[in-house]
Structures are given as structure tokens and as C-alpha cells.
Protein chains: 4
Amino acid sequence: MTARRRPRQERSQQTVDRIVAAGVRVLAQHGYQHASTNRIATEAGVSPGSIYQYFADKDAIVAEITRRLVDEFAAALTPALRRAASRPRGEATRVVIEAVLDALGQHADLLRAIVDRIPQAEQVATLQDVRTRLSDAIFNLFLIQGIDADEDALTRATWMIVEVSEHLTIRYVLDAPAIAREDFVADLERVIEGLTPTPR
Amino acid sequence: MTARRRPRQERSQQTVDRIVAAGVRVLAQHGYQHASTNRIATEAGVSPGSIYQYFADKDAIVAEITRRLVDEFAAALTPALRRAASRPRGEATRVVIEAVLDALGQHADLLRAIVDRIPQAEQVATLQDVRTRLSDAIFNLFLIQGIDADEDALTRATWMIVEVSEHLTIRYVLDAPAIAREDFVADLERVIEGLTPTPR
Amino acid sequence: MTARRRPRQERSQQTVDRIVAAGVRVLAQHGYQHASTNRIATEAGVSPGSIYQYFADKDAIVAEITRRLVDEFAAALTPALRRAASRPRGEATRVVIEAVLDALGQHADLLRAIVDRIPQAEQVATLQDVRTRLSDAIFNLFLIQGIDADEDALTRATWMIVEVSEHLTIRYVLDAPAIAREDFVADLERVIEGLTPTPR
Amino acid sequence: MTARRRPRQERSQQTVDRIVAAGVRVLAQHGYQHASTNRIATEAGVSPGSIYQYFADKDAIVAEITRRLVDEFAAALTPALRRAASRPRGEATRVVIEAVLDALGQHADLLRAIVDRIPQAEQVATLQDVRTRLSDAIFNLFLIQGIDADEDALTRATWMIVEVSEHLTIRYVLDAPAIAREDFVADLERVIEGLTPTPR
DNA sequence: TATGAATGAGGATTCATTCAT
DNA sequence: CATGAATGAATCCTCATTCAT
């Protein structure tokens, strides 16, 4: 469970927002271990006690931050996915990749705060969710497209595509290697294509 | 440098080893933030003060752990690299991947302690080193094999191959997805092949 | 600056006062090096953490103690200085000496804690300040009284008078030698008189 | 008690000397509280354990340092005192002051290490000795010179002269104020003269 | 005697959390 | 609801001292 109470009043909502925003800033600047609740409270212009009106403990703040990243990411992605549905396979892949890069880029700070500042093993909960949903989506996509290789092959392809895509897009956004975006997209598309099982 | 003093007596070496071993266990079990020096000392059967005979501070222990992982990994890999040198390209790739999986698998605990338990942003200099050396090696390999596409393409291919290979092999070893090893190797080989620039 | 936050509530002020008071007692009893923050906290009936609500570190407590001593000393001295202004030189000197002895005597414990328990080299900025202000005052007094020997002589006289007066009054108060106060005052007055440059 | 054993063998004596010398350096550089025995041992090129062959504890080192300062100071002073015996009063005073300044100046580092780096309250033992001996000498001098004011006056004069002389000469040597030595000596001589009881 | 590895109590400081106001 | 003072266990680290070799 994340939030202690889901505040309806506007002022409360504002307080929560300010805490979360402060959390992101403090996390980005000081890292997970030095992101003390007191610092977050100060940064948010809120008393330490107030934090515990809305969050059960420190980790709940991080969980909420993650949840928001995921939500906003999903929201930013939705239209692209819809658009992709009506395109031929190769183009669809490209459209989605572009959309992912855009979405990640818009929340680079948040992303860095979570991905680079929190140990993997602690990120689990919410992020694992996303990955699962992503995997399911891709797996279903295979089925829809009539790519019915044996199940093991589909599972494998799904796993590899998810891992590669997630990792590469995140690192591309966060590390900004000296690679032109169109080249990166083309390469990634080719990799995904190569990993997609061929219909029998 | 990591060590405070380079121990001469045998007892010292044992103590250092016990501290490092305890560090790995504690890291693996409790994660970076809860890996307190006192816990490590207790786990090592050593007094807290003893740690500071050999390590400048807590991070130095982590650094040493990382260094050992890297060293042992490199050692385990060397013969395979030599063997690979005399094989045709495709087979060489496969031989190296297999060797990497073996090497990583032998130190899965260590690997998990570092990769999953320490925030990326703190993962020490030593690891960056490895990545750099790996990149250089691959880049040179391209040149040696007469693959002289333009430099940008080589840089890009290097970056993508390193990121993909590192991430996939590590996740494969640590997450043990339900994928047959030979299939995984074949897939990864294919991805790498696909990313390798074609000679003009 | 010394305080971390300037307390608004009354309770805060009380806590600060209790910490400072405990600091004085602990300093007096155990000396600077054994005046641990934990001991001070215990003596103050306060948790260790509370100290750091109001003081940046241990030295800040000492600095605050010193500041208070200096302030109270200055306050106790002011009326005497005013009274002295309207007296002939010799008597004025005597009046001031008496006032200094009174002022120091009122804070003997504090004085001992600082002067005898803290190494000279660490005796904080605040004390240097006082000495500087004292020197300036005396130097100006010379000028006002039309004692215009050459500057070197004034500087020298100032230095010697400050050193002698400070040291003798402090030691008289702290060591309580078997000397009648009126005799001590007379002697010191004579010494100061002897060190005062004669007007040309 | 200071030394654990008074070593006769040459090598032992050398070790003690090195420890003491290292103690002075470390004290001067780091101050009393940060002058750890380990640091002293390292600086002396000796093992920590060896220190405890020759000194009961850390304070014994400081005590020994103090003792040496006092001894060397006394040694440096003796001839001057002898010379002074045959001079008229005023000149004798001057000769002694000059000798004191020389003696202190030769051991400025040692002096600073002790006087400025160790809390007064901890200097007691050995230094109090010197002061006592000095007081006795002056008191006797008064008697010898037939200055037989009442005992209280002698006691008072002795106390004041000792305090003033000790403090001023030490501060003059350590703080090096912008005062010509001959002027300083003349002033101090005048002060002492003024404090000396007049024969009835 | 000398060594230096080992000790462990103790020190300064932090920070998630509570609770009286 | 909000405040912010207070808490106190836990953290990293130091250092005088001991003792097996």
C-alpha cells in the first residue's frame, strides 16, 4: 500500500504533490540513502510531521514517485500505441520506439532518480508491474499477428525483446551517447525484428 | 587505491579475506544501505576496528569486492578469448558468450550483490573501467577484422553491443529466466551479428 | 554563526539553555576532550539528537558558551566603564579593574571551563574578538588622553597592558592566591600606570 | 611516575628519544586530542607496542615531553643566573630576562606544543613544579637582598612577578608581536622593578 | 625486546518517526 | 490538519591499549 489516505481536498493534493516533487529533486541530487525525509520536508516547504499524514514511511514516497513515473509514461505512450496498431509491423515498431524515447526524455530527471539512484533490488514493486504488463502486451501481439511458434520460443523472444528495449532506451536517454537518434532507432528496430519469431 | 596497508603476515591476509567475504554476504543479504560496517565486522568474526586497518572506509570494501569480481571474471575469460581468436567469426562470438556466462555464473552471488544491491550511480570506478576496456577491445576487433565502416557507425555498434551483451548476460545469469542456455546464446549471437557493421 | 536554527517556541529556548548549561558543567568537570556530546546530552536531560537541532557540531556548543561568557562579561562591565569615564586617570583604572574582577568572579565556573579546559589554540574566534576590541579600546584611550608617544610605543604599551591585565585578573579569580583584593588591585594599577606611555 | 623503565642501553635510549621527538612533532601539528599514539608511533618509525615498553600511557609521553622542555630550559638558564648573581639588581634582572627569551626561543616548537596545544588543567604536574621552584628562588632572592617587607607583601610580589614574567615572555616568544626585543625587555624589567617590594 | 595485528568501548553525528500543542 | 521539537537507535569511524608471535 502506498498512500495512507487518498486526499480529496485540493490543499491536501497540493501538499502531496509538493512532497513528491521535492522527493524527486532530493533523490536526484542526493541519492536514495541521503534523501532524508527531513530534507524532503524542508525542500517541500512542509513540516516533517506532515509527510506522515500522507505517506506511511519513506519508502512510500519513493513508491509514489515510481508510480507517477509509470503512469505518466503510460499516458504518454498510449496514443502512439493506438497509432501503431494500424501500421505495418516494421513501421509500428519504429513508431513505438520513438514514442518511448519521447516519453522517457520528458521525465529524464524522474527516471534518473529512480533508475540510477535506487538499487535494482529495491525498485521492484511498481516497476516489475510495468515490465509484466509490457511482456503481456508483446506476447499478445505475437499471438495476434499469427506468429505461433512454440510457446517457449515466444516466451524467450518476449523476454529478450523486453530486456533489450527497456535497457537500451533508458540508457540512450540517460547516458546520451554520441549516436544520432534515427540511427539508434533503426538499430533497435533491426534488433527487435531479428528477435521476433518467424511465423511457421 | 583501496587498501590502507598491504598486509604482510598471513593472518592479515586472512582477515582481509574474511572481511571481503562477509561484505559480499551482507551486501547480498541486506543490500548496500543496510550493510553496516558493524554488521560486516560481526559477520566476519572481527572487531569493527579491524576493518579500518585494511580499508579506508565502507566504500573501500565495496570497491575491493568489485575489484575482485572484475579480476576473477577477467581471469575466467582469458582462455576463452584466446581460444576464440582462432575460430571463424560466428563461432568465436559463441565461444565468448559461453565463457562470459560461465564466468558470471561462477560469481553469481558477488554479481548480484553489486549489480542489484548498489545504486548504479555509486557503482564504482572499477566497473566503468571494465566497460571501457570492453568497448576498446570490441572497437579494435572491428578494425582488425577489416570492418572499416565510418567511425560513427563503429562507435555506435560498439556501444550497442556492449550495452546489450552486458545487460542480457547479467540478467540471464541473475534472473534465470525459463530459457534454454543454447537458445539464449544463439539469440544473443544473432543480435550481435546483426549489430556488427558489414565491411564495405 | 553558531545556531542551526533560531528557535521560536519557548520549549526550544529552554532546551538550548539546558544544553549550554550542561555544556558548562561537563566542560568544567571533565575538560574539553572528555566533554562528549552524549555526556552533555545526558547531563542536559535531552536526547543526543536534540543537540544537533540547535548546534552544528560539538564545537558550536563551546562557541556558544564562549559567546555567552563574553556577552555577560561585557554587560557586567559596561556601567563601570561609564562611571570610570568621569574619574581622574588613576581612579578610573582602579574602578575598571574592580569591575573586571567582579564580572569575572560572577562567571568563574564558565571562565574556568573555557580558559583552563580548552587548549589555547582552540579557544575560539569569539575570544580573539574580545581581545581585539579590548586592544582597540585601550589604544583609543591613549589617543583621547592626548598621550601621543610614537605609534610603536603605543602599540607596545597596548599589547603589554592587555596581556598583563587579562592574565593577572583571570589567574587571580581562578587561582585565588592568598592576596588581599585591594593589594592586588593596587599592584595591577601600578603596573598599568608604569606601562602607560607618558605624554610628551 | 613517568617512564616505565629508565633504559640504559643505547638503542633503547634512541627509541625513547625518537618517540619523544615524534610526540613533539605530532602534538605541534595535530594538537593534543588528535595526537594519537598510533600516529606518534608511525612518525617515530616504531611499532605501537614499543611505545608501551617505555611509557605507561599516552599522558606519560606528554609528561616526558614537558619534563624535557623544563630540563633544557633550566640548563639553558643556569649560566645566566650565575652571571646575574654578580650584577647590580637592575642589570641582573635584564640578564635573566634575556636568557629566558633565548631559552624559550630555542624550544619554541616544544613550547607551543605544550602551552598552546594542551589544556592548562592538564599541564599541571611538571610545569607546576617549575613555577614552584621559580617562586621559591625569587622569594629567597628577596630575602637575600635584605628586602624584608612583611611576608604577605613578599608572597604577593612573588606571585605577581612569576605570573607576569612567565606569561609575557612566553607570549612574546610564541606570538611574536611587533615589538623590538630591547623595548620588551626594558618594559618587563620596569614592571618587575615596580613590583619588587622596597626595603624598609 | 620488538612487532603489528587485533581489539572494543566510545565518540560525533544522522534520520525515520512520534506526539504534544 | 499542521507543526516542529524531540527522540534514540543506529551509523561510521577512532584510538589507547593488549598480546601472540
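Source: prediction; values computed, not measured. Only heavy atoms go into these numbers, but all of them, side chains included; no hydrogens, no water, no symmetry mates.
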Tell me which nucleotide among [options] gets nearest to the side chain of [X].
X	options	value
A/His34	E/dC15, E/dT17, F/dC13	E/dC15
A/Ser50	F/dT14, F/dA2, E/dA6	F/dA2
D/Ser12	F/dT17, E/dA16, E/dT1	E/dT1
D/Tyr54	F/dA5, E/dT1, F/dC12	E/dT1

May I ask which nucleotide in the shown strands pairs with F/dA20, Watson-Crick or G-U wobble, both distances under 3.5 Å?
E/dT3
Looking just at side-chain N and O atoms, do D/Tyr32 and D/Asp59 make a donor-acceptor pair shorter than 3.5 Å?
yes
Any donor-acceptor N or O pair under 3.5 Å, side chains D/Ser47, D/Ser50
yes
Could you check how far [atom1] of [X] sits from [atom2] of [N], rounded to whole Å?
X	N	atom1	atom2	result
C/Tyr52	F/dA9	OH	C1'	15 Å
D/Lys58	F/dT14	NZ	C1'	11 Å
B/Gln13	E/dG4	CD	C1'	16 Å
D/Tyr32	F/dC15	OH	C1'	13 Å
A/His30	E/dT14	NE2	P	13 Å

Start at the 5' end of DNA chain E and walk down; is the nucleotide closest to B/Ser47 or to C/Pro48 reached first?
B/Ser47
With a 3.5 Å cut-off and just heavy-atom distances, do the side chain of C/Gln53 and the base of F/dA5 make a donor-acceptor pair?
no
Can you tell me how far apart CG (D/Asn38) and NZ (D/Lys58) are? Round to the nearest 0.5 Å.
10.5 Å
What's the separation between atom CD1 in D/Ile19 and atom CD1 in D/Ile61, rounded to the nearest 0.5 Å?
6.5 Å
Just call it for A/Ser36: base, sugar-phosphate, or nothing, with non-hydrogen atoms closer than 4.0 Å on any strand.
sugar-phosphate
Reckon B/Asn38 touches a base, only the sugar-phosphate, or nothing at all at heavy-atom distances under 4.0 Å?
base
